[in-house]
Structure formats: structure tokens, C-alpha cells
Colleague: 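The structure is given below, and queries will be raised subsequently.
Not measured: the values here are computed from a predicted model. Quick note on labels: first sequence line is chain A, next is B, and so on, each numbered from 1. Excluded from the calculations below are hydrogen atoms, water molecules and symmetry mates; all remaining heavy atoms, backbone and side chain alike, are included.
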Amino acid sequence: MTDSDPPAIRTRFAPSPSGFLHLGSARTALFNWAYARRHGGKLVIRIEDTDVERSTLESEKAVLEGLEWLGIDWDEGPLRQSERSERHLAAVERLLSTGHAYRCRCTRIELEERRTQTIAAGRKWTYDGLCRDLELGDDCGPHTVRLRLPEHGELGWDDAVYGPSGQDASEIGDRIIRRSDGLPLYHLAVVVDDLEMGITHVIRGADHHPNTPLQIALYRALDADPPTFAHVPLIVGSGGKKLSKRRDSVSIQDFERDGILPDALRNWLIRIGWSCGDQEIFSADEICASFDLAAVNRSSAQADAEKLAWLNQHYIKELPNAEFVAALMPFLSQVTSQAVTPSDGLSQLVELQRERGKTLVEIARLSRWFVNDTIDYEEKAVTKHLKPAIGPPLRDLHDALAKLSNWSEESVKSCFDAVLAQHEDLKMGKLAQPVRVALTGGTVSPGIFETLAVLGQARSIARVEAALDLIPPA
RNA sequence: GCUCCCAUCGUCUAGCGGUCUAGGACGGGGCCCUCUCAAGGCUCAAACACGGGUUCGAUUCCCGUUGGGAGCGCCA
């Protein structure tokens with residue numbers, strides 16, 4: 001590599017491990033991943049776990065598993081920010097020695113007092129600089145360290161999404177970068193980490209946009225070039241309000257539990273705040289081939305569950321049979337107390353149910369009649385369709401079905417044809433629904449011949465027989 | 001309160017001064033198909049927040065209003 005080569009692209013995803021992978025974080029991760037993949041770069045994972053109160057190993061695991069489930073793979077990490085505090089502190093010392101930072105003795109209570117006064121006077125609070133020129137040494141007692149900002153001057157950058165952005169240094173004020181207990185603060189840690197990890201593109205939520213001027217100042221004080229920043233619009237809930245844990249599904253695990261396919265969720269997320277012509281369906285490869293920061297929107301977007309459902313059904317319809325059966329298995333187990341095992345019948349059933357449900361949960365629910373030997377009859381269905389008049393034709397159908405020596409959609413259909421011919425006033429609909437109730441307990445199922453075929457002769461006949469007994473006497 | 005950001009159908013979006021009687025998708029309505037439910041096909045309704053400029057011409061550029069959002073910690 002020569003000096004003129006552009007540096008290889010390195011993006012990062014830096015979640016704080018708060019118990020689960022949040023929807024918004026997941027999309028940020030996806031954008032970082034897509035951008036790195038698109039440009040042959042690397043994605044680095046860094047766990048921002050300096051908040052010991054909230055950070056646990058389990059929650060870190062949950063976040064990582066969420067990424068894997070979504071199909072997001074990374075090249076380096078996970079690194080832990082908590083293990084890098086020496087590097088952060090070294091940077092503070094450097095800043096101190098170059099005069100870009102100074103020690104501050106102001107206490108929390110003093111600060112709080114001055115802040116409330118300023119705000120009461122209707123002014124924005126920035127540090128008033130009391131310790132700024134005191135040139136306090138390390139022996140000055142309990143103290144924090146503050147970054148020394150220029151009095152004035154634009155702290156600007158060209159955001160890859162928002163375009164030219166920035167704020168005047170006077171709006172920021174001298175901010176604390178090392179706490180009085182000696183621990184580094186977030187903004188300092190982030191800048192040092194991104195710098196030392198060689199991150200070229202910081203793609204993160206737009207909630208960080210207002211924090212960026214401070215970080216620009218930090219890069220300058222550290223005598224380093226800032227990376228490219230790209231702030232992506234926030235995902236909001238219905239009504240444009242903040243996503244709430246109560247109202248909305250906010251954790252990736254929620255979607256998995258609700259029977260959403262990872263391909264569908266990934267497709268849904270990538271299209272929130274980003275588009276590529278009229279294309280709606282994006283495979284992982286297509287995302288990697290076409291994702292572009294310049295096409296990212298600037299306004300926050302609502303998460304639309306209906307669109308996700310549609311995408312999910314689309315991917316359900318495309319899933320290879322074996323994968324579909326495997327994906328459905330745990331959901332089937334939830335709707336029956338019987339053991340569910342893969343079988344030819346199950347493989348066939350799944351083909352019939354593909355287009356009848358939008359989630360795995362829904363498809364499992366629609367398939368209860370197949371995996372359960374005991375039928376839950378819907379009372380309304382029974383009283384409506386199992387009436388005395390249907391007794392004789394149903395009996396005839398039963399007998400015809402019982403005589404069949406080869407069991408198939410075609411042979412079963414011939415039995416229906418025969419019964420219909422025998423009973424002149426009987427229409428297909430009048431016969432099919434009672435049979436459907438007999439087989440499934442309800443009024444909803446795939447085509448009646450297909451349902452019979454997949455259920456098999458023995459089970460079908462037994463169920464029709466049982467239904468015959470449910471018909472009240474005339 | 002202060003600073004910053006955002007603003008096209010209900011929702012996600014296309015549009016980068018004339019191509020806009022504003023396109024696509026989800027959702028909604030209707031029709032067709034039909035043994036139920038779906039799926040599928042066809043079809044309809046639905047938006048440039050408002051007010052000023054700039055311009056021969058604004059959805060597109062500028063300013064303001066309104067509405068939303070974010071940030072203002074010895075949290076991350």
C-alpha cells in the first residue's frame with residue numbers, strides 16, 4: 001500500500017449491552033454491515049460496557065445472538081470498551097500535557113447551582129470556565145478533567161447523510177472527559193476507540209448528531225482527522241412517538257418469538273430510511289450490492305408492522321421445504337402436547353399452509369388439526385355444518401372413502417363426485433364444509449381434497465366417523 | 001427554555017426547477033377466481049403541512065409559521 005491508496009473502509013457497531021438487541025440498534029448494525037460489505041471493508045463490534053450497572057455478560061450474549069440471527073457477521077471483535085480504559089486515560093494525559101485539557105475543582109453541587117441559575121435566566125448552560133485558567137496540578141484535590149474548547153469557531157463536518165453540519169464551539173463549552181473518580185467519559189472513550197481501531201466511517205443513530213461537534217473537538221485536540229460521520233434517522237413508533245417497550249416490539253427476540261423470519265426482518269429494516277428505486281425485496285446479497293449512504297433519508301420513520309407481515313409471508317413462500325419444516329417445528333410444538341416429528345405428511349402440509357399465514361405462529365395455529373390427534377371442535381362450526389340433513393351423504397362419502405385402495409387427491413375427489421351425483425340437491429360447498437369440520441374441527445383449511453390427502457386414509461375416515469356421531473338426530 | 005434536525009398518499013418511499021393530471025410498495029375499497037381460508041389476477045380511492053419570496057415556471061431553491069424529533073450530565 002502506498003500513501004495515495006484510500007484507507008480500507010472500516011465501520012463499527014457499538015452497542016451497549018442492555019439485555020437485548022433493540023430494533024433501532026439492529027438497523028444501525030445492518031447499515032454498518034451493508035456499507036462495509038458493499039465496499040469490501042471490515043465491520044468491527046465494540047461493546048460499550050462501561051456502565052457496569054447495566055452491563056452483564058448475558059445481555060452481551062443476547063445482543064450478539066440477535067446479530068447472528070439477522071445474518072450480520074463481523075470481522076473483528078467483540079472488543080469491550082471496559083477493557084480499554086488505560087488507553088482512554090492515556091489520551092487524557094496527552095490532552096493535559098498539550099494544554100487541550102485542564103483540571104477542574106468545581107463540585108457537582110456548585111455546578112448544579114450555577115446551571116439552574118443560568119437556565120432560570122433563560123440561557124443555555126455551558127461550563128462557565130471558573131477553573132479554566134487556574135492551571136491546577138494533579139495535587140489540587142478531588143477534580144475532574146475538562147476539554148479546553150476554543151472560545152469560538154465552527155466545529156463542523158460533512159455528514160454523509162445530513163450534509164454540512166456543525167455548531168460553534170461556544171455552544172458546547174468545556175466538557176468533562178475524566179470523572180473525579182478517575183474514569184473516562186463516554187465521548188472521550190468513543191473517540192479514542194474509533195481512532196485507535198482505525199474506523200473510517202461512523203454510522204450511528206441520529207440521536208448522536210448533536211453530540212458530534214464535541215467529538216470533532218476531541219479529534220482536533222488529539223491532532224487527528226475525524227472519520228466520516230453518517231447519522232441515520234431514528235425509527236419511531238406509531239404516531240411518530242418514541243418506540244415504547246410497552247406498545248411496540250422493540251427487541252429482535254420479540255420478532256423471532258412471534259414467528260418472523262430473519263430474512264424478512266432484515267429486509268424490513270433495510271428499507272426503513274433507505275430505498276433503491278422501486279425495489280422492495282432485498283436478499284442479503286442484494287443489500288450488500290446496492291446499499292448506499294447517499295440514499296439514506298433524513299427524516300425519522302415509523303415502523304410498519306403490516307409491511308413486515310407482508311415481507312414475512314413473502315419469505316415464507318420462498319423458503320425451501322426442509323428449512324420451512326425445521327423453522328416451523330418449535331412453533332408446532334407450542335400448539336400441541338404431542339411430540340412433533342418431521343414426516344412426509346408434514347412436508348406436504350407445510351406446502352399447503354405457506355400462503356395461508358403471515359407468521360410461523362399463525363401457520364402453526366392453522367396446522368393444529370394435523371399435529372393433534374384430538375380435535376378441538378369449534379362449537380359454531382359444528383352446529384352450522386353438522387346438521388341432520390348432511391348425515392346420509394356424509395355416510396356415503398365415508399363408505400366410499402373407506403373402500404379406496406389408493407389414497408390421493410384424485411381418488412378422494414372421485415368419491416366426492418360420486419356422492420354429489422347420488423344426492424342431486426347437494427352442492428360441493430354443502431358437502432365440503434361438513435367434511436372440513438370433521439377433519440379439522442373448524443371451517444378453515446387448505447382445499448378439502450388436499451386436506452384429506454395429507455391427513456391420510458385412516459385418520460380421515462376416523463374423523464368423518466366421529467363427525468357422524470356429532471350429528472344430532474333428525 | 002436554549003441549540004440542532006426533520007416535513008410528499010394512513011405507513012415506507014420515488015422525485016434532486018418544466019418529464020407531476022406526483023410514480024412504486026404495504027394497508028384499505030371493488031371485481032374476478034373459488035369447497036372454506038388464503039394466495040393470485042384486474043381495478044379504485046388516497047399525499048406535495050401553511051404563508052411569503054426567488055424564477056418565465058416551484059413538490060423541488062430561500063425565509064417565516066405550524067407540527068414532529070433529538071441533544072443540552074462527573075449516563076452510554
Side-chain angles (χ1 to χ4, degrees), chain A residues 14-18 48-51 53-55 81 104 106-108 111-112 115 118-126 142-146 159 162 165-168 171-173 175-187 189-190 205-214 231 233-234 236 238-242 268 271-281 295 297-311 313 317 352-358 362 366 381 385 416 427-437 440 442-449 451:
Chain A
S16 49
S18 56
E48 312 223 309
D49 59 346
T50 46
D51 184 353
E53 303 271 304
R54 287 189 304 197
S55 304
Q81 194 159 56
C104 171
C106 298
T107 66
R108 284 176 212 258
L111 253 13
E112 188 50 41
R115 181 179 316 151
T118 311
I119 288 172
R123 289 216 1 94
K124 179 180 180 161
W125 162 261
T126 54
H143 64 271
T144 60
V145 174
R146 284 182 187 273
D159 198 279
Y162 284 87
S165 306
Q167 248 181 311
D168 195 87
E171 296 283 349
I172 316 288
R175 301 280 292 271
I176 294 171
I177 54 175
R178 191 180 75 191
R179 314 198 308 199
S180 54
D181 63 5
L183 290 175
L185 252 79
Y186 169 75
H187 290 294
V190 169
D207 48 339
H208 287 287
H209 191 264
N211 293 149
T212 309
L214 170 63
H231 290 93
L234 267 18
V236 296
S238 47
K241 300 295 174 196
K242 193 173 171 179
W268 185 56
R271 277 284 290 103
I272 299 177
W274 176 77
S275 64
C276 184
D278 285 342
Q279 189 172 348
E280 295 287 349
I281 305 294
N297 261 254
R298 281 171 290 275
S299 46
S300 53
Q302 296 184 34
D304 180 16
E306 293 293 340
K307 189 115 176 200
L308 207 214
W310 173 75
L311 281 165
Q313 186 170 45
K317 285 195 276 187
L352 300 175
Q353 301 284 225
R354 272 182 198 282
E355 34 196 49
R356 280 168 234 272
K358 292 180 189 297
E362 196 181 339
L366 291 171
H385 296 290
F416 273 76
K427 290 279 197 307
M428 180 59 189
K430 288 289 181 208
L431 181 58
Q433 278 306 74
V435 176
R436 182 167 276 117
V437 175
T440 70
T443 55
V444 172
S445 87
I448 199 66
F449 309 136
T451 303

Colleague: Which pairs, protein N/O on one side and nucleotides 23-31 of chain B N/O on the other, fall under 3.5 Å?
Modeller:
unit_1: B/G24; atom_1: N2; unit_2: A/Glu280; atom_2: OE2; d: 3.0
unit_1: B/A25; atom_1: O4'; unit_2: A/Glu280; atom_2: OE2; d: 3.3
unit_1: B/A25; atom_1: N3; unit_2: A/Lys307; atom_2: NZ; d: 3.3
unit_1: B/C26; atom_1: O2'; unit_2: A/Glu306; atom_2: O; d: 3.4
unit_1: B/C26; atom_1: O2'; unit_2: A/Lys307; atom_2: N; d: 3.3

Colleague: Using the six-membered ring wherever Trp is involved, compare the ring planes of A/Tyr162 and A/His209 and label them parallel, tilted or perpendicular (cut-offs 30° and 60°).
Modeller: tilted
Colleague: Nearest whole Å is fine: how far is B/U3 C1' from A/Arg115 CZ?
Modeller: 16 Å
Colleague: Taking only the side-chain nitrogens and oxygens of A/Ser275, find out if one of them lies under 4.0 Å from OP1 or OP2 of B/A14.
Modeller: yes
Colleague: Determine the contact category for A/Gly273: base if any of its heavy atoms lies under 4.0 Å from a base atom, sugar-phosphate if only primed atoms, P, OP1 or OP2 are that close, otherwise nothing.
Modeller: sugar-phosphate
Colleague: Rounded off to whole Å, could you give me the CG-to-C1' distance for the A/Asp168 and B/U3 pair?
Modeller: 11 Å
Colleague: Give the B/S/- string for nucleotides 32-37 of chain B, one per nucleotide from 5' to 3', where a protein heavy atom under 4.0 Å of the base yields B, of only the sugar-phosphate yields S, and otherwise -.
Modeller: ---BBB
Colleague: Using the 3.5 Å cut-off, write out each protein N or O paired with an N or O of nucleotides 64-69 of chain B and the distance between them.
Modeller:
unit_1: B/G69; atom_1: OP1; unit_2: A/Lys241; atom_2: NZ; d: 3.2

Colleague: Mind checking A/Thr107 for me? I need base, sugar-phosphate or nothing, with any heavy atom below 4.0 Å counting as a touch.
Modeller: base
Colleague: Looking for any heavy atom pair under 4.0 Å, which part of the strands does A/Arg178 touch: base, sugar-phosphate only, or nothing?
Modeller: nothing
Colleague: Nearest whole angstrom, please: distance from the P of B/U3 to the CD of A/Gln167.
Modeller: 10 Å
Colleague: Check whether any side-chain heavy atom of A/Ile272 lies under 4.5 Å from a side-chain heavy atom of A/Asn297, and answer yes or no.
Modeller: no
Colleague: Below the 4.0 Å mark, does B/A14 have OP1 or OP2 next to a side-chain nitrogen or oxygen of A/Asn297?
Modeller: yes
Colleague: Would you indicate what A/His187 reaches in the nucleic acid, counting non-hydrogen atoms under 4.0 angstrom: base, sugar-phosphate, or nothing?
Modeller: base
Colleague: Base, sugar-phosphate alone, or nothing: which one does A/Trp268 contact when heavy atoms must sit under 4.0 Å apart?
Modeller: nothing
Colleague: For atom P, what is the distance between B/C37 and B/C31, given to the nearest Å?
Modeller: 14 Å
